[in-house]
Amino acid sequence: MSFSMFAMAVFASIILLIPAALYVGGVIKDTFHPIFFFGTLSFFIAVYGIFTNGDYTERFVSAADVNVYLLVTLLAFAGFLVGWAWAKRRERRAPEKVAVPRQYRPSLLFVWSLVFSAVGVSAALYTRNDFTITGYLRDFGTLWLVGALLAIQSALLLPTLRVAAIFIVAVCLIPPIDRFLSYGQRGDTFRIAMLIIPFFLFYGRRPPRSVFIPAAILLALVLATLVQTRVLVNSGEARNRVDALTKVIPSFFDGVNRKPPQGGEEYIFGTAMVSAARQTGVYDNGVGFIYNTAVRFLPKEYFDKDPLYTRWAIVNYIPYVSWIAGYTIPGGAAPSGFAHAFVEFWWFAPLFWMLFGFVARRIYLRTLTGDLAQQGYFTAFFVFTLYLVAQDLYAFTMQLIYTLPALWIAYRTARVTQPQEEQGADLPELALPEFATV
């Protein structure tokens, strides 16, 4: 590994892991603080592989290009922090009036959980993630999370619904557990973990550090090794996904079963994508992913969609980057949101991340007021962030399209009273919890 790449990786690690250090040191008290999550996730997606894969990295991309990718990542993190600070400053200058917690009909929330669970689970089991199925029925499978989330919240409001809610959640977990065992799906595995958030948000508590830190490390190891487990299962070296995990996770420490990178790892693919954009000077001008998403929804029975996509569409960018980078990027690989945002916005990408940080701050503050709907949106926010950072803007956008409207419909129809504009004269009047880092 070249010294310049190693030095840049060390510098990026220090910056991205500052929030984690502040959390361990007790400065950041909230386990669910967005800055803590964003920084730590960014480290694992963009930097960690550089240390574990050593010289293998430079078989695919140059050290200079890796350094540029790390710079793009650090600028994204800086943009997120600026957006967060911008929202915080606006609150101090002209405090926004925040609605007091609304009341919701638990029975109606439970009905909506039945609806979205039925749709999500049915779609997931029927399509089995088959990309050839028309009508984007496969994407409706993501609604199992909405169904499970609403079932949990309805039971928290009305304890008599607990048994029924447990049944609904158990049914909702069938698709993600199936995907975990059959394919090693990181997104669905992460969604399962996120279902603990509504409990803590509802009671205004957070898991203790002594429990959360080991659990977070274990979750990170599982998510980081799921891709490697596919190789072991497909080759017959492991009987199933769990057996593969028991072999791969120790490889993070002893290197025995560690497989060399295949060029599809986020930091390698992301580096290649940023390099390809810089070499060709071809970008999507900030609207390409919106246009390509709209094309995706055209029925393929009536439209020949392939010629309509831009070269940076999700169906095109793997072969396009492979051609420029000079090696074949494995199918299904993701470049990370850092690389994709750079393709869309060029060096103006930090403005996108600044907007994302601004929105994250507003969602976080509203969640602390105790409103059930805001707690639901905040839980979904973690899933959105995972897809944005770890995959690309397309995955992020599709999560928004299928999740937010479903949650909004449920909360809007189950609301008992209209919001009352009472608080907002000053932030301290929001009576934030002790763990809140404002």
J.: Can the ring centroids of Phe342 and Trp347 be said to lie less than 6.0 angstrom from one another?
T.: yes
J.: For the residue pair Tyr56 and Phe60, is the inter-centroid distance of their aromatic rings smaller than 6.0 Å?
T.: no
J.: Please answer whether the main-chain N or O of Thr271 pairs with a side-chain N or O of Ser275 as donor and acceptor at a distance below 3.5 Å.
T.: no
J.: Treating Trp346 as the side-chain partner and Arg278 as the backbone partner, does any N or O pair qualify as donor plus acceptor under 3.5 Å?
T.: no
J.: Got a donor-acceptor contact below 3.5 angstrom from the Thr142 side chain to the Asp139 backbone?
T.: yes
J.: So, the side chain of Tyr267 versus the backbone of Gly49: is there a donor-acceptor pair under 3.5 Å, distance only?
T.: yes
J.: Please state whether the rings of Phe396 and Phe352 are parallel, tilted or perpendicular, taking 30° and 60° as the class boundaries.
T.: perpendicular
J.: List the steps, then state whether side chain to side chain contact (heavy atoms under 4.5 Å, CB included) holds for Met398 with Tyr402.
T.: CA-CA 6 Å; Met398 295 304 291; Tyr402 281 90; 3.3 Å; yes
J.: Which residues pass the side-chain contact (heavy atoms from CB on, under 4.5 Å) test with Ser4, sequence neighbours left out?
T.: Ser2, Ala63, Asn67
J.: For Trp323, does the CH2 atom sit with more than 12 other heavy atoms under 6.0 Å from it, leaving out its own atoms?
T.: no
J.: Mind listing the closest non-hydrogen atom pair of Gly264 and Ala333 along with its distance?
T.: O-CB, 3.5 Å
J.: With side chains defined as the heavy atoms from C-beta onward, is the minimum distance between Tyr364 and Asp30 less than 4.5 Å?
T.: yes
J.: Using modelled atom types only, decide if a donor and an acceptor are shared between the side chain of Ser117 and the backbone of Leu114 within a distance under 3.5 Å.
T.: no
J.: List, one per line, each side-chain donor-acceptor pair under 3.5 Å for residues 34-42, sequence neighbours excluded.
T.:
{"unit_1": "Thr40", "atom_1": "OG1", "unit_2": "Phe36", "atom_2": "O", "d": "2.8"}
{"unit_1": "Ser42", "atom_1": "OG", "unit_2": "Phe38", "atom_2": "O", "d": "2.7"}

J.: Please report the closest heavy-atom contact between Gly376 and Gln153, naming both atoms and the distance.
T.: N-NE2, 3.6 Å
J.: Nearest 0.5 Å please: distance from the CZ atom of Phe269 over to the CD atom of Glu265.
T.: 11.5 Å
J.: Taking side chain as C-beta onward, heavy atoms only, is Thr403 less than 4.5 Å from Phe384?
T.: yes
J.: Do any N or O atoms from the side chain of Thr379 and from the backbone of Gln375 form a donor-acceptor pair under 3.5 angstrom?
T.: yes
J.: Ion pair present between Arg366 and Asp371, side-chain N to carboxylate O less than 4.0 angstrom?
T.: no
J.: Output side-chain donor-acceptor pairs under 3.5 Å for residues 5-28, partner residues at least two apart or in another chain, one line each.
T.:
{"unit_1": "Ser13", "atom_1": "OG", "unit_2": "Ala9", "atom_2": "O", "d": "2.7"}
{"unit_1": "Tyr23", "atom_1": "OH", "unit_2": "Thr31", "atom_2": "OG1", "d": "3.1"}

J.: Side chain to side chain contact (heavy atoms under 4.5 Å, CB included), that's the test. Do Leu143 and Val121 meet it? Break it down for me.
T.: CA-CA 8 Å; Leu143 289 176; Val121 173; over 6 Å; no
J.: Tell me, please, which residues at least two apart from Tyr69 pass ring pair (Phe, Tyr, Trp, His ring centres under 6.0 Å).
T.: none
J.: Compare all side-chain heavy atoms of Trp144 with those of Asp188 and state whether any distance is below 4.5 angstrom.
T.: yes
J.: For Tyr327, is the OH atom crowded, meaning more than 12 foreign heavy atoms sit under 6.0 Å from it?
T.: yes
J.: Could you go step by step and tell me if Phe345 and Leu351 meet the side chain to side chain contact (heavy atoms under 4.5 Å, CB included) rule?
T.: CA-CA 9 Å; Phe345 305 103; Leu351 296 178; over 6 Å; no
J.: How about Leu150 and Ile168: do any of their side-chain heavy atoms sit closer than 4.5 Å?
T.: no
J.: What is the minimum heavy-atom distance between Asn53 and Thr57, and which atoms define it?
T.: CB-OG1, 3.9 Å
J.: State, yes or no, whether a side-chain contact exists between Trp84 and Phe358 at a heavy-atom distance under 4.5 Å.
T.: no
J.: State the CG-CD1 distance between Leu365 and Ile363, to the nearest 0.5 angstrom.
T.: 11.5 Å
J.: List in chain and number order the residues that pass side-chain hydrogen bond (donor to acceptor under 3.5 Å, both in side chains) with Asp178, two or more places apart in sequence or in another chain; answer none if no residue qualifies.
T.: Arg128
J.: Nearest 0.5 Å, please: how far is OG1 in Thr293 from CG in Leu393?
T.: 8.5 Å
J.: Over 60° means perpendicular and under 30° means parallel, so classify the ring planes of Phe356 and Trp353, tilted if in between.
T.: perpendicular
J.: What verdict does the side chain to side chain contact (heavy atoms under 4.5 Å, CB included) test give for Leu156 and Tyr203, after you've listed the backbone C-alpha separation in whole Å, the side-chain angles of each residue and the deciding distance to 0.1 Å?
T.: CA-CA 9 Å; Leu156 290 172; Tyr203 292 109; 3.8 Å; yes
J.: Side-chain contact, heavy-atom cut-off 4.5 Å: Phe338 with Val389?
T.: yes
J.: Taking the six-membered ring for Trp, are Phe212 and Phe32 parallel (under 30°), tilted (30 to 60°) or perpendicular (over 60°)?
T.: perpendicular
J.: Would you say the side-chain atoms of Gln399 pair up with the backbone N or O of Val383, donor to acceptor, closer than 3.5 Å?
T.: no
J.: Where is the tightest heavy-atom contact between Ala164 and Phe110, given as atom of each residue plus distance?
T.: CB-CZ, 3.5 Å
J.: Give a yes or no on whether the ring-centroid distance for Tyr411 and Tyr377 is below 6.0 angstrom.
T.: yes
J.: Does Ile329 offer a backbone N or O that forms a donor-acceptor pair with the side chain of Ser322 under 3.5 Å?
T.: yes
J.: Using 0.5 Å steps for rounding, measure from the CD1 atom of Ile192 to the SG atom of Cys172.
T.: 11.0 Å
J.: Looking only at heavy atoms, which two atoms of Phe116 and Ala410 are closest? And how far apart?
T.: CE1-CB, 4.4 Å
J.: How many angstroms lie between CG in Leu404 and CG in Leu400, if you round to the nearest 0.5 Å?
T.: 5.5 Å
J.: Can you see which heavy atom on Ala148 is nearest to which on Val169, and at what distance?
T.: O-CG2, 4.0 Å
J.: Less than 3.5 Å apart, which donor and acceptor atoms pair up between the side chains of residues 313-320 and the rest of the protein, not counting sequence neighbours?
T.:
{"unit_1": "Asn316", "atom_1": "ND2", "unit_2": "Thr310", "atom_2": "O", "d": "2.8"}
{"unit_1": "Tyr317", "atom_1": "OH", "unit_2": "Asp392", "atom_2": "OD2", "d": "2.4"}
{"unit_1": "Tyr320", "atom_1": "OH", "unit_2": "Arg311", "atom_2": "NH1", "d": "3.2"}

J.: Could you tell me whether the side chain of Val47 reaches within less than 4.5 Å of the side chain of Phe43, counting heavy atoms only?
T.: yes
J.: If you draw a 6.0 Å radius around CZ in Phe190, do more than 12 non-hydrogen atoms from other residues or ligands fall strictly inside?
T.: yes
J.: Would you indicate whether the side-chain heavy atoms of Leu372 and Leu201 approach each other to under 4.5 Å?
T.: no
J.: Is the number of heavy atoms from other residues, nucleotides or ligands within 6.0 Å of CZ (Phe297) greater than 12?
T.: yes
J.: Measure the spacing between NZ of Lys305 and CG of Leu308 and express it to the nearest 0.5 Å.
T.: 9.0 Å
J.: Spell out, as yes or no, whether a donor-acceptor pair under 3.5 Å connects the side chain of Glu266 to the backbone of Ala334.
T.: no
